[in-house]
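In what follows, a single structure is set out as structure tokens and then discussed.
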There are 2 protein chains.
Amino acid sequence: MSERFDTLAQHFRENGHKLTQPRQAILHALLVAPKPLSPAEIQEQGQVFYADLGLVTVYRTLELMEEMGVVRTVHLADGCHGYALATPGHTHHVVCERCHAVVEIFGCELGEFLQSVAERTGYQITGHWLEIAGICANCQQMEK
Amino acid sequence: MSERFDTLAQHFRENGHKLTQPRQAILHALLVAPKPLSPAEIQEQGQVFYADLGLVTVYRTLELMEEMGVVRTVHLADGCHGYALATPGHTHHVVCERCHAVVEIFGCELGEFLQSVAERTGYQITGHWLEIAGICANCQQMEK
DNA sequence: GCCTTAACTGAAAAGGTTTTTCAATACGAG
DNA sequence: CTCGTATTGAAAAACCTTTTCAGTTAAGGC
Ligand SMILES: [Mn+2]
Ligand SMILES: [Mn+2]
Ligand SMILES: [Zn+2]
Ligand SMILES: [Zn+2]
């Protein structure tokens, strides 16, 4: 079990949740995933670790993880959402339009911009949500 | 008919699409909407102008309008998408967490940031998508 | 103004995704 | 180990979106 896994397990216990086999399978699936996964994909990958994993449990566990802040919703253009493990701190994603590879961007240079938005609109800004689309180096190669 | 409506009507004709009553109703609904509407809301509001407006037609018309670039998809946190008329140029939205009032932000100060993202990741950036959450002035009042 | 025809429509059905319900089960505290 | 409760998967319900299809409507040519 990776250190990362233990940290996540900790979160579950600290919040008074059981660390069941289905939940462990979901964690493992997310840990090895190279990109955000849809609930259906999480079930599929999770069944490698726990064969009977049900889709309903995936939804319920993601909801729980979202409450605990250990998973991040990535809003995909086609309406259904992918999920990736949250990394400490605030990050954004760049998603490849072709192969859906995802790179996480650490740090967020939006502070000043958001400040000016607050002034212009009178809104108290509570959060933001940026996703960047592009074409990854690999896919750029292939297009030639 | 507003000037804005005529411009939109123009778009339809220029792209070789008919300007039917259902489509006019959808345009009117979006024109008077104070916030992005879901397809179901567009149907509901549109029926004020054309009683038989079908939901399927709403979906089809939105797809058409997206192709023409006259409507903008607003990705709402709960998975289903709202639509607002596109204003010329690139804009972002600030959405009130309480009442869902929306303010459009003109101009985009992300250029430099995106440039650095391209350099750091090797991705060719093709688009981005920023949504800001906050609490509008009204709702800030009410909370006291 | 009519005709003609392809674009367009709504209803119904199909296809997906997400949520709710419920009886059975597994976790983990004691 | 025992027990009570949180959790589970299956099934059904509830949604949302797309496809199919037969009938209708808009728009251009007369
Ligand atoms: Mn979305
Ligand atoms: Mn921008
Ligand atoms: Zn790629
Ligand atoms: Zn508000």
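What you see is a predicted model; the values in this text were computed from it and never measured. Order of the sequence lines sets the chain letters (A, B, ...), proteins ahead of strands, with each chain counted from 1.
Computed from coordinates, the B:N15 CG to D:dA27 C1' distance equals 16 Å when rounded to whole Å. One atom, CD of A:E67, and another, P of D:dT7, lie 11 Å apart when rounded to the nearest Å. Between B:Q10 atom CD and D:dA27 atom C1' the separation is 15 Å, expressed in whole Å. Note: CD (A:Q43) to P (D:dT8) measures 13 Å, nearest angstrom. Atom CD in A:E41 sits roughly 10 Å away from atom P in C:dT17 (whole-Å rounding). Atom P of nucleotide D:dT18 and atom CG of B:L55 are separated by 10 Å, given to the nearest angstrom. Distance, B:L53 CG to D:dT25 C1': 15 Å, rounded to whole Å. Between A:Q24 atom CD and D:dT8 atom C1' there is a gap of 14 Å when expressed in whole angstrom units.
Map B:Y50 and B:E63 each onto its nearest nucleotide of DNA chain D; the residue landing nearer the 5' end is B:E63. Across the interface with DNA chain C, nearest-nucleotide mapping of B:L19 and B:V56 shows B:L19 to be the residue nearer the 5′ end. Comparing B:R60 and A:V58 against DNA chain D, the residue whose closest nucleotide sits nearer the 5' end is A:V58.
Of the listed nucleotides (D:dT7, D:dA27, C:dT21), D:dA27 has the atom at the smallest distance from the side chain of B:R13. Of the candidates C:dT21, D:dT17, D:dT7, the closest approach to any side-chain atom of B:Y59 belongs to D:dT17. Comparing C:dT9, D:dA27, C:dA26 against the side chain of A:K18 picks out C:dA26 as the nearest.
In this structure, A:Q21 does not reach the C:dA26 phosphate: none of its side-chain N or O atoms is under 4.0 Å from OP1 or OP2. In this model, the phosphate group of D:dA6 is not approached by any side-chain N or O of A:T20 to a distance below 4.0 Å at OP1 or OP2. The side chain of A:H17 contributes an N or O atom lying less than 4.0 Å from OP1 or OP2 of D:dT7. For the OP1/OP2 pair of D:dT7 and a distance below 4.0 Å, the side-chain nitrogens and oxygens of A:R23 include at least one atom meeting the criterion.
By the 30° and 60° cut-offs, the orientation of the rings of A:F12 relative to A:H17 is perpendicular. Ring planes of B:H28 and B:F5: parallel class, angle under 30° (limits at 30 and 60°).
Here the rule is side chain to side chain contact (heavy atoms under 4.5 Å, CB included) with A:L8, and of A:V71, A:V70, A:L19 only A:V70 fits it.
Residues B:E67 and B:L64 are in side-chain contact: their nearest non-hydrogen atoms beyond the backbone lie under 4.5 Å apart.
The environment of B:E143 atom CD is dense: over 12 non-hydrogen atoms of other residues, nucleotides or ligands sit within 6.0 angstrom.
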